Amino acid sequence: MSSTEPVIRIADLPDRVGQTVTIRGWVTHLRSSGKIAFIVLRDGTGLLQCVVVKKEVDEASWETFGTLTLETSITVTGAVRADARQVGGVELGVTTLAVIGASPLDYPIQPKEHGVDFLLDHRHFWLRTPRQVAIMRIRNEIEQAIHDFFYERGFIRVDTPILTAAIGERSGLFSTEYFDEGNAYLAQTGQLYGEAAAAAFGKIYTFGPTFRAEKSKTRRHLTEFWMIEPEVAFNDTHANMQLQEDFVSFLVQRVVERRTAELAELERDISKLEKIRGPFPRIDYTDAVATLQKKGSAVQWGEDLGAEDESLLVEDYETPIFICNYPKEAKAFYMKENPADPRTVLCDDMLAPEGYGEIIGGSQREDDYDKLRHRIQEEGLPLDAYGWYLDLRKYGTFVHSGFGLGLERTVAWICGTPHIRECIPFPRMMHRLRP
RNA sequence: GGCCGCGUAGCUCAGCUGGUAGAGCAGGUGACUGUUAAUCACCGGGUCACAGGUUCGAGUCCUGUCGCGGUCGCCA
């Protein structure tokens, strides 16, 4: 292994045909036909077929080839040459070959089908496979696009606390001891803090992990997931939905433009993603219930919509849709009462197409001190814990709105994966805490 | 938590109305100078999740326990 040889990344090789380069990576596949042998090497940027011909390498390198196993990390040096049969159009004619780190023969992931439970037990290795690499690169693209979208529009990113006193929504909380302060809870949302920050900066967003201790066992739920929560001062519910529409369209088109290779690896139907541009239909909850009843659903006005109801509504559209203005009882205490129909609140759920369900929940926030205080009491929540939150309405209250986008659900939809657990590097679910 | 389903070789699975455990892949040895999950020959590999029951006999039927998956509810 020469330290003077420049180390090149596989993705850059098409520009280096004819040059001699050194690559470091992991053995992904091995084939041998006696005096000629093939190594498929992975370096995190792509795959490269390395051709080892006995007559063309030194004896030590040929013997080294014989010891190679799957996932051995190696250094190879050789000439880059064009070969139309290869992905990326190049292969490497090896001149020397050396092992960095050996890999025992019992490497568990084989180039074949495995069960999901087995793969999740070996998530640290599963992550190395082409499909998983593609998903994580798309996830990264979406994360970067989120930051770009908000930065270009003058939003400030605000990091909200993960350890909190009891505050937020009603669903299950993870708790831990916190010195002499009693229990601390892992945050289920950064929204309330986001509202405080909106009065400081005007337009903000949060980007962080959130935790739900519900015993949910579905393809759409994790106990730890990442959520993006914008909050905008002086935006009403209509401006809020416009922002959501622009935001989601931007994310999808960004992935379509920049991650075509990864979408191809996932065999995603890109034509379905290209249609994701505003406007998205805005359906009032009351109209949605009427439509559902016509379609044979048993749903009654006042009830929340079930997963089956959501699918029935989405099936008529190729873009995401909004369901707006749910009954007060079905939604959180902080949502603003609808002046046009006080039985309902100014809120919206965005449902993704193709059965991926709710990816956004948003609302205009209650900005009236007395109404909010009343709602907190109505829900049986401890008033004293919400003192600072009520203060936001006492000192210069302001119309404001925001929403929460579930990152993994968005990644799952854009990638077309059947289960959300593939869309986060190390998923946390009810029955899975490791690796 | 409710309902449905699964647990057999390292992995993926088959195993019928109960009759003494199978395949492919992976692994080992050998052959092969253009392979793309290479091919060919030969070889090793099992507490059928666990406990109890029915039976002459249980991987198979029954009960319980454990583990896991799907779905619903909750939500992003």
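Predicted, not measured: the structure shown is a model, and the values here were computed from it. Chain A is the first sequence line, chain B the second, and so forth, proteins listed ahead of strands; every chain is numbered from 1.
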(message) Is there a side-chain contact between A/L372 and A/I376 in this structure, where contact means two heavy atoms from C-beta onward sitting under 4.5 Å apart?
(response) yes

(message) Looking only at the side chain of A/H114 (C-beta and beyond, no hydrogens), which of the listed nucleotides B/rA76, B/rG34, B/rC11 gets closest?
(response) B/rC11

(message) Please determine whether any donor N or O and acceptor N or O are separated by less than 3.5 Å between the side chain of A/E214 and the base of B/rG1.
(response) no

(message) Pick the closest RNA chain B nucleotide for A/E408 and for A/D83 by heavy atoms, then say which residue is nearer the 5' end.
(response) A/D83

(request) Between B/rC42 and B/rA37, how far apart are the C1' atoms? Round to whole Å, please. (result) 22 Å

(request) Could you check how far CZ of A/R31 sits from C1' of B/rC32, rounded to whole Å? (result) 15 Å

(request) Could you let me know what B/rG7 is paired to, Watson-Crick or G-U wobble, both distances under 3.5 Å, or none if it's on its own? (result) B/rC66

(message) Over all strands shown, is A/T410 touching base, sugar-phosphate only, or nothing at heavy-atom distances under 4.0 angstrom?
(response) nothing

(message) Measuring from the side chain of A/R212 (C-beta onward, heavy atoms only), which nucleotide among B/rA76, B/rG34, B/rU33 has the closest atom?
(response) B/rA76

(message) Please report the distance separating the P of B/rC6 from the corresponding atom of B/rG24, rounded so that it comes out in whole Å.
(response) 26 Å

(request) Indicate, with a heavy-atom threshold strictly under 4.0 Å, whether A/Q49 touches base, sugar-phosphate, or nothing. (result) base

(message) What does the B/S/- profile of nucleotides 64-72 of chain B look like, 5' to 3', with a 4.0 Å heavy-atom cutoff to protein?
(response) ----SSBBB

(request) For nucleotides B/rA9 and B/rA14, find the distance between their P atoms and express it as a whole number of Å. (result) 12 Å

(message) Between A/H114 and A/F118, is the ring centroid distance below 6.0 Å?
(response) yes

(request) Indicate, with a heavy-atom threshold strictly under 4.0 Å, whether A/L405 touches base, sugar-phosphate, or nothing. (result) nothing

(request) Look at the side chain of A/K54 against the base of B/rU33 and say whether a donor-acceptor pair falls under 3.5 Å; ignore hydrogens and angles. (result) no

(request) Specify the residue among A/L222 and A/V51 whose closest nucleotide of RNA chain B lies further upstream toward the 5′ end. (result) A/V51

(request) Compare the minimum distances between each of B/rU33, B/rC75, B/rA76 and the side chain of A/D304, then state the nucleotide with the smallest one. (result) B/rC75

(request) Would you check if A/E91 and A/V40 make a side-chain contact, meaning some heavy-atom pair closer than 4.5 Å? (result) no

(message) Are A/L120 and A/V116 packed together at the side-chain level, in the sense that at least one heavy-atom pair is separated by less than 4.5 angstrom?
(response) yes

(message) I want to check something: taking the side chain as every heavy atom from C-beta on, are A/P427 and A/R123 in contact at a cut-off of under 4.5 Å?
(response) yes

(request) Please measure how far the C1' atom in B/rC74 lies from the corresponding atom in B/rC13, and state the result in whole Å. (result) 36 Å

(request) Measure the distance between the ring centre of A/F38 and the centre of the six-membered base ring of B/rG34, then answer whether it is under 5.5 Å with planes under 30°. (result) no

(message) For the C1' atoms, the ones on B/rC25 and on B/rU20, what distance do you get once it is rounded to whole angstrom?
(response) 27 Å

(request) In whole angstrom, give me the gap between the P atoms of B/rA26 and B/rG67. (result) 34 Å

(request) Would you mind reading off the distance between A/L70 atom CG and B/rG27 atom C1', rounded to a whole angstrom? (result) 11 Å

(request) Check whether any side-chain heavy atom of A/K272 sits under 4.5 Å from a side-chain heavy atom of A/E318, and report yes or no. (result) no

(message) Base of B/rU33, side chain of A/E56 - is there a donor-acceptor contact under 3.5 Å?
(response) no

(message) Students often get this wrong, so: under 4.0 angstrom with heavy atoms, is A/D121 touching a base, only sugar-phosphate, or nothing?
(response) nothing

(message) Side chains of A/Y334 and A/E366, heavy atoms from C-beta outward: is any pair under 4.5 Å?
(response) no

(request) Pick base, sugar-phosphate or nothing for A/E310, based on heavy-atom distances below 4.0 Å to the nucleic acid. (result) nothing

(message) Any heavy-atom pair between the side chains of A/M429 and A/R421 that's under 4.5 Å?
(response) yes

